[in-house]
Amino acid sequence: MKRSPKDTATSARRIGRRALVVGGLQAGVVGMLGWRMRQMQVEQADQFRLLAEENRINMRLIAPARGLIYDRNGRILAENAQNYRIVIVREDAGDVDQTIAKLKQLIYLDEGELERALREMERRSPFVPVTLSDQRAWDDIATVAVNAPALPGITPDVGLTRNYPLGPDFAHVVGYVGPVSDYDLEKNPDPDPLLQIPKFQIGKTGVEAKQEHRLRGEAGSKRIEVNAAGRVMRELGRDEGIPGADLQLTVDQGLQNFVQARLELGLSASAVVMNPQNGDLLAIGSAPSFDPNKFVRGISSADYGELTGNKYRPLANKAVQGAYPPGSTFKMMVTMAALEAGEIRPDETIWCGGYTKLGRRRFHCWKRGGHGHVNLKESLQQSCDVYYYELAQRVGIDRIAETARKFGFGQHFDLPMSAVSSGVMPDKNWKMESYGQSWRVGDSLNAAIGQGYVLATPLQLAVMCARLSTGTAIEPRLIKSVDGVETEIRGGEPLGFDQANLDLVRGGMYAVSNTLRGTGYRSRIDVDGKLMAGKSGTSQVRSVVVRNEDVPWEERDHALFVCYAPYEAPEVAVGVVVEHGGGGSSAAAPVARDILLYALHGGLPPLESYPSSQRQMIKELHDKLPLRREMAGPERSRA
Amino acid sequence: MSYLEYNVKTVPAGFRKVLYLNWPLVILLTAVASVGFLMLYSVAGGDISQWAEPQMKRFALGLALMFAVAMVPIWFWRNMAGLAYTISLLLLVYVEFFGVTGMGAQRWIDLGFMRLQPSELMKITLVMILAAYYDWLDVKKTSRPLWVLVPLILIMMPTFLVLNQPDLGTAILLVAGGGAMMFLAGVSLWYFAVVIAGGIGLVSAVFSSRGTDWQLLKDYQFRRIDTFLDPASDPLGAGYHITQSKIALGSGGWTGRGFMQGTQSRLNFLPEKHTDFIFTTLAEEFGFVGAVSLLSLYALIVIFCIVSAVNNRDRFGSLLTLGIGATFFLFFAVNMSMVMGLAPVVGVPLPLVSYGGSAMIVLMGAFGLAQSAHVHRPRGR
C-alpha cells in the first residue's frame, strides 16, 4: 500500500498531538504521585514515624521481687526461692519428639506436664521458649547443662517462686500466693499492669493477700525491639522495678510450731497467744493445717478435694474465722458488768440449787446437785451457772454487752488475715434488728453463761484475757515492722474500770487455776512467779444434755480455756478452743497451760514446771509431739 | 509502506549505529537499575548474593539484549510484530494448561535458568502488534468501526487469558497500554467516551456480581478492593500490607532513616519487600528526597521516549516508542499508587527495581526496540 508524504506528515502531526496529550496526562499522574509523597513523607511524617516506633518497640514488664516475710526474731516465713525450669525453644530443637525422648532418658519428666508443654508449643511461635518442666532439683539442671550439646533447643532456666520453708505452721497466718486468675481480676479490678503477666503470683489468703499492696512492689519494664513475627531482636532499655516491702510479723516461729503440734492432738482446735502488754500476737494456731507450698505450685484436684472434704476444715483459720459460743469464759464479763453497776457485792452469796426457774422454764446449772451458797470468787472458781442467771437478771443484757464490747467481744480487729470474724455480742437492739423480736429475760440468762446468741473467736477470747490482765484496751497486732520501720502499738490506754473490780475478777481466775476446787486446778503451773490465772468454758452445741462420749464428734461440746501468766505481771495471754473437744477444763485447759508455759520459757519448759503428778505424762507428750528440730545448716535469718 | 520507502542512505549502518543510540536513555535505565541493586542489597540485610547479584546479572543480560535489539533495523521488528504477538498468545494459552502455579495463579513457564512469564512478554508484543497495525492501516480508516474492532480483539484476547490466570494487574496494564496505543494512533475521542462510560457500567456490574453465581472476580480480588477502599477495616488481615507499607513510607520523612536503617523493612513488617513493595523501603530509608528522585528518573525516561517518538516520522517507530513509554509509565505509576494507598494491591512490580527476571529482560528488550526505532528513524528530506 502506498502512502503519500502528505498522509505521513498529517499522521505524524496527529501522533505528536496525541503524544502531548498522553504526556500531559502522565505529567499529571507523576505530579499527583509526588504530591502524595509530600503529603505522607513531609506533612504526616511524624504520625507515621510514631506508628513505625509502636510497631517495633514493645514494652515488657519485669516482675519485682516480692517482699519477704519474717517472724519476730528474723526467721524467714516466706521467701523467694530459685525455681529451676527446663525450657525448650521449638525452632532450635529440630526434631522435638526425638529431643524430648533423649531428655527423658536423662531425667524424669511428668507426662501431664509434658503434654501441656507440647500443646503450648503448637500454639506459640517457634521461637517462644516453652517451659517443659517446673520446680526441678539442682541435680536435674546440672544434668541438662552437662548434656546440652545432645539436647538442642533445651536450656535450663531460673526464675523466682514463693516458698514457705516452715510449711503448714504458717499456712493460715501467712497464707499463700498463686497465679492471678480471671476471677481475682473480676472480683477486685486492679489496673496494675503486673497482673497481665501470665502466671504472675499474687497473695490469695492471709498476710500474703491482705498485705499484697506492700509485698508486691512496682513493676519494672524493659523496652525491646521486635520484628513483625514478634521475635525479640534486642533490648533497648531497662528499668528495674521497686521490690516489695519486707514484713516482720509479731509471731514467733518456735512457739507457733509448738502450738500447731500441740493443737494437732485435739483433732480440730485453734489457739491465739498474745502479749497483753503490747498486743503482739505471738502465735495463731489452727489445726489441722495444710502445706501452702502445694498451692503455689498448683495443687492437684485430688489434694484439693481432700482438703475441702475434710470435716476438720484444714483450710479455715479457725483462730480468727471460727466464732464459737464462749461458754463460761464469758462469766468474767458478767461479773465485771455487775461490779461496775454495783449490782453485786463480792462477799454477797447466791444460793444455787441446781437450777433457776423463770416462769415455767428451768435453767440448769452444769452441776445437777447445785453449788449451795456461792460468792463472787467461788462463782468463777467453780463456774456456777445459777449465780450468773441471777446476775443477768440484775444487770440486764445491755449493760453486760456494753462491758463485753470494751473487752473485745463483737469487735472487728483489723488484722491482715483472711475472713477475720467479729463474732456476735447481742443486745436488745441487735435482736430486734436481726430477728425482729424483742429481747427476753431467758436470752439474758443464756448469754450470761456464754450461750445463746453470744459468739466469739479464739482471737477475741485471747484479747479479752489480755485486757482483763492489764486493764488496758490493748489492740492485737500482727505486723511488727514494714521494711524495718516499727508499726505503732495501739490501745495502751486504760479501759476505765475500777482497779478493785478488776482485781476481784482476776482473783476469781486465779482461784480457777490455783485452788483445789478450781475447774482448772489440774492444769496449773507449779512454779513460783509464773502462776497462771484462767477460766474454762464448755459450750453446748445441742440443747439436750447427754454425755459427750455417747454422741458423734460433731455434736459434742466445744472446749474453751482462756488464761494469762504470770498472775502478778502478765506477759502472755492465751485463748484456746478445741472444737467438739468436750469439757473445757479437761480438753482445753491442758493445751492452754502447755502453750502458756512454752511461751513463758521461750522453748520447751522443764518438767519441774508441771505439777509433780503429771510430769511422766507430760514427758511422754513432749516426746510424742512432732516438733520441728532446729534446721541443719546455716540459719536462714535476716541478712 | 515498505522499508524501501525509508531514506536508507541517511540511516547509520554498521557499528556506527552505536553512536546514534539514545544514550541518555541508556544512562537513565542504568541509574534506575542501580537504585534497584542498592535497595535489594538493603532489604537482604546487607547480603549482596541473595537478590542484588542475580539482579545485576539479569540487568547485564538485559542491557546486552537491548543493544542487540537496537542494532537490528526497525523494519525487521515491524515485520516480526505479528509473529511475536502470536507466540505470546500461544504461550499464554500454554500456561493456562501447563504453567507452574504460584501465588494462586498460573503464570510461569519454567525454562530452567529462568521463569518466563508470558504475560510480561505480552505487554510488549501487544504494543508491537498495535503499532504495526496502525502503521499498516490507512490513516483515514482509523476511526471506522470495523477497523476499531480489530485492535480491540487484539487487546481483549490476551486480557481475558491473563484475567483467567488470574492476574488483575497485568490485565489492567494490557487494557490501559492497548488503549493508549489506540488513542495515540488517532482513534476518535468518541470511542473513548463510550468506553469510559462502559467502564463505569462494568465496574458497577462487577460489584453487583459479588456473591452471585456469575461473580466476575475471585473473592481475594474483591477483598483487595475492599481493603483498598478502607485499609483500616482489617489492619491485621488483608489491610495489613497496605497499612504497613504506608507506615514505612510515611516514616521516612524528608531525608529518610538512612541506608539499611529502615525498621519497617529490616524487621519484616513490609510484605514482598524485594518485589512489589520495594519502593516503600526506598522511601523509608531515603525519604521524600529519595522517592522523588526515583520518580524523576522514571519521568525522565518517559519524557525521553516521548521526545524520541515525536521526532520520529516513521509511524511504526513513533507509535512503538510511545507505547513502550506508556507501558513503562503504567508500571511505575500503578506500583507507586499501590504502595501509597492510591490504588488497590494488584501485583505490579516496580520496573527495573523490583526483583524479578522476566519483567527485567522483557523491559530491556522493549527499550531495545525503542532504541532501534531511534537509531533507524528516517532522517533528512
Side-chain angles (χ1 to χ4, degrees), chain A residues 1-58 224-234 236, chain B residues 1 5 134 136 138-140 142 180 183-186 243-244 246-254 256-257 262-264 266-271 283-284 287-289 291-292 295-296 298-299 302-303 306 309-315 318-319 322 325-326 329 332-333 336-337 340-342 381:
Chain A
M1 192 169 70
K2 197 80 176 138
R3 182 176 291 164
S4 72
K6 189 169 170 270
D7 267 2
T8 311
T10 315
S11 147
R13 264 203 307 282
R14 184 152 61 176
I15 290 174
R17 272 202 310 275
R18 292 259 167 134
L20 287 181
V21 173
V22 170
L25 278 174
Q26 290 173 339
V29 171
V30 167
M32 187 198 67
L33 290 173
W35 170 81
R36 174 73 169 168
M37 283 173 198
R38 199 190 119 73
Q39 188 192 31
M40 288 175 76
Q41 298 193 282
V42 178
E43 281 158 31
Q44 303 175 358
D46 293 343
Q47 192 184 324
F48 282 116
R49 180 68 64 94
L50 190 70
L51 287 171
E53 294 297 290
E54 276 176 16
N55 254 345
R56 108 187 144 98
I57 296 174
N58 262 9
I224 50 170
E225 185 179 83
V226 295
N227 72 1
R231 183 196 296 270
V232 178
M233 306 305 279
R234 63 190 166 129
L236 301 170
Chain B
M1 147 174 133
E5 290 173 43
Y134 281 113
W136 164 81
D138 187 349
V139 180
K140 294 182 193 71
T142 307
F183 180 83
L184 289 164
T243 307
Q244 294 300 339
K246 282 163 79 176
I247 290 174
L249 224 132
S251 68
W254 258 107
R257 315 199 67 171
T263 57
Q264 287 285 102
R266 200 161 46 79
L267 299 172
N268 281 329
F269 287 101
L270 288 180
E284 187 187 22
F288 180 65
V289 173
V292 166
L295 186 63
S296 307
Y298 279 136
V302 175
I303 288 169
I306 292 174
V310 170
N311 290 329
N312 194 339
R313 275 171 294 145
D314 173 31
R315 219 150 108 98
S318 182
L319 279 173
L322 284 173
F329 168 82
F332 76 77
M336 287 186 180
S337 306
M340 284 193 280
L342 294 171
R381 176 122 45 114

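Naming convention: chains lettered A, B, ... in sequence-line order (proteins, then strands); numbering from 1 in each chain.
- Your options are Gly262(B), Gly253(B), Ala333(B), and the one with the most heavy-atom pairs under 4.5 Å with chain A is Gly253(B).
- A distance of 11.0 Å separates CD1 in Ile247(B) from CD in Glu53(A), rounded to the nearest 0.5 Å.
- Closest of all the heavy-atom pairs between Ser251(B) and Arg49(A) is O-NE, 2.8 Å.
- Between Ala19(A) and Val310(B) the shortest heavy-atom distance is CB-CG2, 4.1 Å.
- The main-chain N or O of Leu342(B) is never found under 3.5 Å from a side-chain atom of Arg36(A) such that the two would form a donor-acceptor pair.
- Distance check: Leu295(B) CG to Leu33(A) CG gives 5.5 Å after rounding to the nearest 0.5 Å.
- In terms of heavy-atom pairs under 4.5 Å with chain A, the best-connected choice from Arg257(B), Met336(B), Gln264(B) is Arg257(B).
- Between Val30(A) and Phe329(B), the closest side-chain pair of non-hydrogen atoms falls below 4.5 Å.
- In terms of heavy-atom pairs under 4.5 angstrom with chain A, the leader among Ser318(B), Ala248(B), Ala283(B) is Ala283(B).
- Annotation: side-chain contact (heavy atoms from CB on, under 4.5 Å) contacts of Gln44(A) (sequence neighbours excluded): Gln39(A), Gln47(A), Phe48(A).
- What you find for Gln41(A) and Leu249(B) is that their closest heavy atoms are NE2-O, 3.0 Å.
- Checked by atom type and distance alone, the side chain of Gln26(A) never pairs as donor or acceptor with a backbone atom of Val302(B) at under 3.5 Å.
- By the side-chain contact (heavy atoms from CB on, under 4.5 Å) test, Val292(B) is found to be paired with Met37(A), Phe288(B), Ser296(B), residues two or more places apart in sequence or in another chain being considered.
- The local environment of CZ in Arg14(A) is crowded, with over 12 non-hydrogen atoms from other residues, nucleotides or ligands closer than 6.0 Å.
- For chain B, no part of Glu43(A) is nearby; none of its heavy atoms comes within less than 4.5 Å.
- When side chains are defined from C-beta on, Arg18(A) does not count as touching Leu322(B), because their heavy atoms never get closer than 4.5 Å.
- Looking at Ala309(B), there are no atoms closer than 4.5 Å to chain A (heavy atoms on both sides), in backbone or side chain.
- Of the residues considered (Gly287(B), Gly252(B), Ala185(B)), Gly287(B) shows the highest number of contacts with chain A, using heavy-atom pairs under 4.5 Å.
- Among the candidates Thr263(B), Ile306(B), Leu319(B), the residue making the largest number of heavy-atom pairs closer than 4.5 Å to chain A is Thr263(B).
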